[in-house]
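Here's the structure we're looking at; comments come further down.
Numbers here are sequence positions counted from 1. What you see below is based on every heavy atom in this structure, not just the backbone, and it leaves out hydrogens, waters and symmetry mates.
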Amino acid sequence: MTAKNAIEARNVVKAFGQGDTAVRALDDVSVEIRQGEFFTLLGPSGCGKTTLLRLIAGFEMPTDGLILLDGQDITYLPPNKRPVNTVFQSYALFPHLTVAQNISFGLEMMGKPRAEIAARTEKMLALVKLEAMAGRKTSQLSGGQQQRVALARALAPQPKVLLLDEPLSALDLKLRQAMQIELKRLQQETGITFVFVTHDQEEALTMSDRIGVMSNGKLQQVGTAKEIYTTPKNRFVASFIGETNFLAAKADGTKARLASGDMVDLAVPVSGDVTLTVRPEQVRLASANEPGALPATITNLVYFGTDTHVHLALSDGTEVTARVQSPATGDAGLEKGAKAAIRFAPGAVQVVGD
């Protein structure tokens with residue numbers, strides 16, 4: 001049974017300005033976001049992801065196209081008429097109010113009964129694990145605690161969709177990583193559809209059920225984290241999600257000849273001039289006499305703790321990076337300038353479009 005869509009954008013265009021100087025922030029974007037999923041819009045600054053989020057929220061109107069919620073057209077519905085809430089980069093909490101008062105504020109504005117407000121506020125405090133902080137002013141909280149309050153306030157009215165515009169960007173690395181886990185827990189416990197905007201690949205890979213990768217106002221690819229990472233649709237997606245090696249080659253079926261003259265196996269048969277991609281962790285150091293090994297020279301070694309990135313050059317100078325596990329003690333016996341050989345893992349070499 002196909003999951004019902006919570007949000008659907010159909011051929012959405014958003015242009016700023018007019019005539020020849022108009023800038024298309026969104027260029028014919030269509031996407032379906034399923035009910036109850038954690039969907040992430042991922043891309044660099046200026047790619048259109050926040051603009052799309054603002055169209056869903058109702059803060060912007062599209063130049064063309066439709067926005068649907070539960071199958072109903074909400075394209076021109078005012079923000080306060082949409083069952084959607086937004087958590088922004090700046091949490092916009094009320095510093096003169098307590099944590100509990102911040103959480104209950106939206107419910108009070110909706111005119112909910114006092115008993116319902118109290119019960120809902122108590123439930124939200126428990127959900128974000130801030131029961132002990134209920135009476136504190138938000139100005140007395142840490143960044144992570146303030147972020148939890150903002151989430152609880154947005155979740156309290158039980159919106160059908162929660163929009164999150166890079167809400168973790170102001171937090172330090174350790175806290176950001178902890179909040180990634182918390183956000184996913186909140187989404188699973190509430191069952192509310194989350195639409196999360198970020199430029200951070202790790203955030204997207206860690207939390208998302210599906211990811212929409214955006215660039216230059218267009219949706220480049222939609223899929224699970226594994227699908228996007230292992231089978232990127234084009235060069236942009238391959239380069240933006242994690243690290244990768246790009247190799248120019250001439251393909252004939254499931255074989256391809258690199259510029260160095262070496263032959264490699266392809267995951268999918270194709271013909272003609274192609275660009276290949278292979279992830280560094282799929283590049284293995286091999287012995288020179290191993291069948292299919294590609295001769296190379298080590299050009300640099302970069303230690304990353306658990307991993308060491310081995311930078312190599314093929315016979316024609318083409319650069320390839322291999323990611324190998326660092327030994328528990330000593331070094332891996334690798335030296336800059338030393339001769340080496342590499343092999344690609346079976347099925348790891350993918351053909352990507354431009």
Side-chain angles (χ1 to χ4, degrees), residues 38 41 49-60 69 74 77-187 189-198 200 203 207:
F38 197 121
L41 292 167
K49 57 189 186 297
T50 295
T51 300
L52 180 55
L53 199 79
R54 290 178 63 81
L55 291 180
I56 297 170
F59 301 139
E60 300 278 358
L69 189 150
I74 62 165
L77 202 64
N80 63 323
K81 300 293 185 182
R82 304 184 185 204
V84 172
N85 267 351
T86 307
V87 177
F88 298 99
Q89 219 169 340
S90 58
Y91 309 136
L93 300 175
F94 302 114
H96 62 288
L97 299 181
T98 65
V99 168
Q101 289 168 338
N102 266 275
I103 294 172
S104 65
F105 180 82
L107 298 171
E108 291 170 359
M109 292 299 98
M110 295 168 69
K112 297 292 185 183
R114 189 176 298 275
E116 182 182 336
I117 292 173
R120 189 72 190 155
T121 300
E122 187 176 337
K123 184 175 181 179
M124 289 299 101
L125 284 166
L127 185 68
V128 296
K129 302 176 182 177
L130 285 177
E131 301 102 309
M133 306 284 185
R136 284 197 191 180
K137 295 289 200 315
T138 57
S139 57
Q140 299 173 314
L141 303 181
S142 68
Q145 290 167 338
Q146 289 181 6
Q147 204 249 15
R148 289 169 187 248
V149 176
L151 284 167
R153 183 178 63 181
L155 289 168
Q158 297 176 285
K160 290 186 177 180
V161 177
L162 184 65
L163 308 175
L164 302 112
D165 188 8
E166 303 211 41
L168 308 183
S169 60
L171 306 179
D172 62 53
L173 177 61
K174 288 289 185 183
L175 187 52
R176 194 160 68 243
Q177 291 172 334
M179 286 308 304
Q180 289 168 12
I181 297 170
E182 283 298 298
L183 268 180
K184 185 62 179 175
R185 177 185 66 83
L186 287 172
Q187 191 272 325
E189 288 190 17
T190 60
I192 292 172
T193 304
F194 277 27
V195 183
F196 187 88
V197 160
T198 185
D200 189 300
E203 285 183 359
M207 298 185 290

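- A donor-acceptor pair is defined here as one N or O able to donate and one able to accept, closer than 3.5 Å; no such pair exists between the side chain of R54 and the backbone of E60.
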Determine all donor-acceptor pairs shorter than 3.5 Å in which one atom belongs to a side chain in residues 149-170; sequence neighbours excluded.
| from | atom 1 | to | atom 2 | distance (Å) |
| --- | --- | --- | --- | --- |
| R153 | NH1 | A92 | O | 3.2 |
| R153 | NH2 | Y91 | O | 2.9 |
| R153 | NH2 | A92 | O | 3.2 |
| K160 | NZ | D70 | OD2 | 3.0 |
| D165 | OD1 | T50 | OG1 | 3.3 |
| E166 | OE1 | H199 | ND1 | 2.7 |
| S169 | OG | Q89 | NE2 | 2.9 |
| S169 | OG | E166 | O | 3.1 |

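- Put simply, the side chain of R176 reaches to within 4.5 Å of the side chain of E203, judged on heavy atoms.
- Residue G58 comes nearest to P79 through the heavy atom pair O-CG, 3.3 Å, listed as atom of the first residue, atom of the second, then distance.
- Remark: N85 engages no residue in a side-chain hydrogen bond (donor to acceptor under 3.5 Å, both in side chains) (not counting sequence neighbours).
- Taking Q187 as the reference, nothing meets the side-chain hydrogen bond (donor to acceptor under 3.5 Å, both in side chains) condition, with sequence neighbours excluded.
- The closest donor-acceptor contact from the side chain of K184 to the backbone of M207 lies under 3.5 Å.
- The shortest non-hydrogen separation linking M124 to I103 is CB-CG2, 3.9 Å.
- Considering only heavy atoms from C-beta on, K129 comes within 4.5 Å of E182 through its side chain.
- Under the side-chain hydrogen bond (donor to acceptor under 3.5 Å, both in side chains) criterion, E122 pairs with no residue, sequence neighbours left out.
- Side chain of R185 to backbone of L127: a donor-acceptor contact under 3.5 angstrom is found.
- R136 is listed as a side-chain neighbour of L141, based on a closest heavy-atom distance under 4.5 Å.
- Listed by first then second residue, pairs satisfying ring pair (Phe, Tyr, Trp, His ring centres under 6.0 Å) with a partner in residues 95-153 read F94-F105, not counting sequence neighbours.
- L171 approaches G144 most closely through the heavy-atom pair CD2-N, 3.9 Å.
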Begin with the C-alpha distance, continue with both residues' side-chain angles, and end with the deciding distance and a verdict on side-chain contact (heavy atoms from CB on, under 4.5 Å) for I117 and E108. CA-CA 7 Å; I117 292 173; E108 291 170 359; 3.7 Å; yes
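- Nearest heavy-atom pair, S139 versus P95, reported as atom, atom and distance to 0.1 Å: OG-O, 4.0 Å.
- Remark: side-chain polar atoms of R82 are paired, donor with acceptor, to backbone N or O of I74 under 3.5 angstrom.
- In this structure a side-chain-to-backbone donor-acceptor pair under 3.5 Å is missing from T86 to F88.
- Taking the side-chain hydrogen bond (donor to acceptor under 3.5 Å, both in side chains) definition, one finds that E131 meets it with nothing, sequence neighbours left out.
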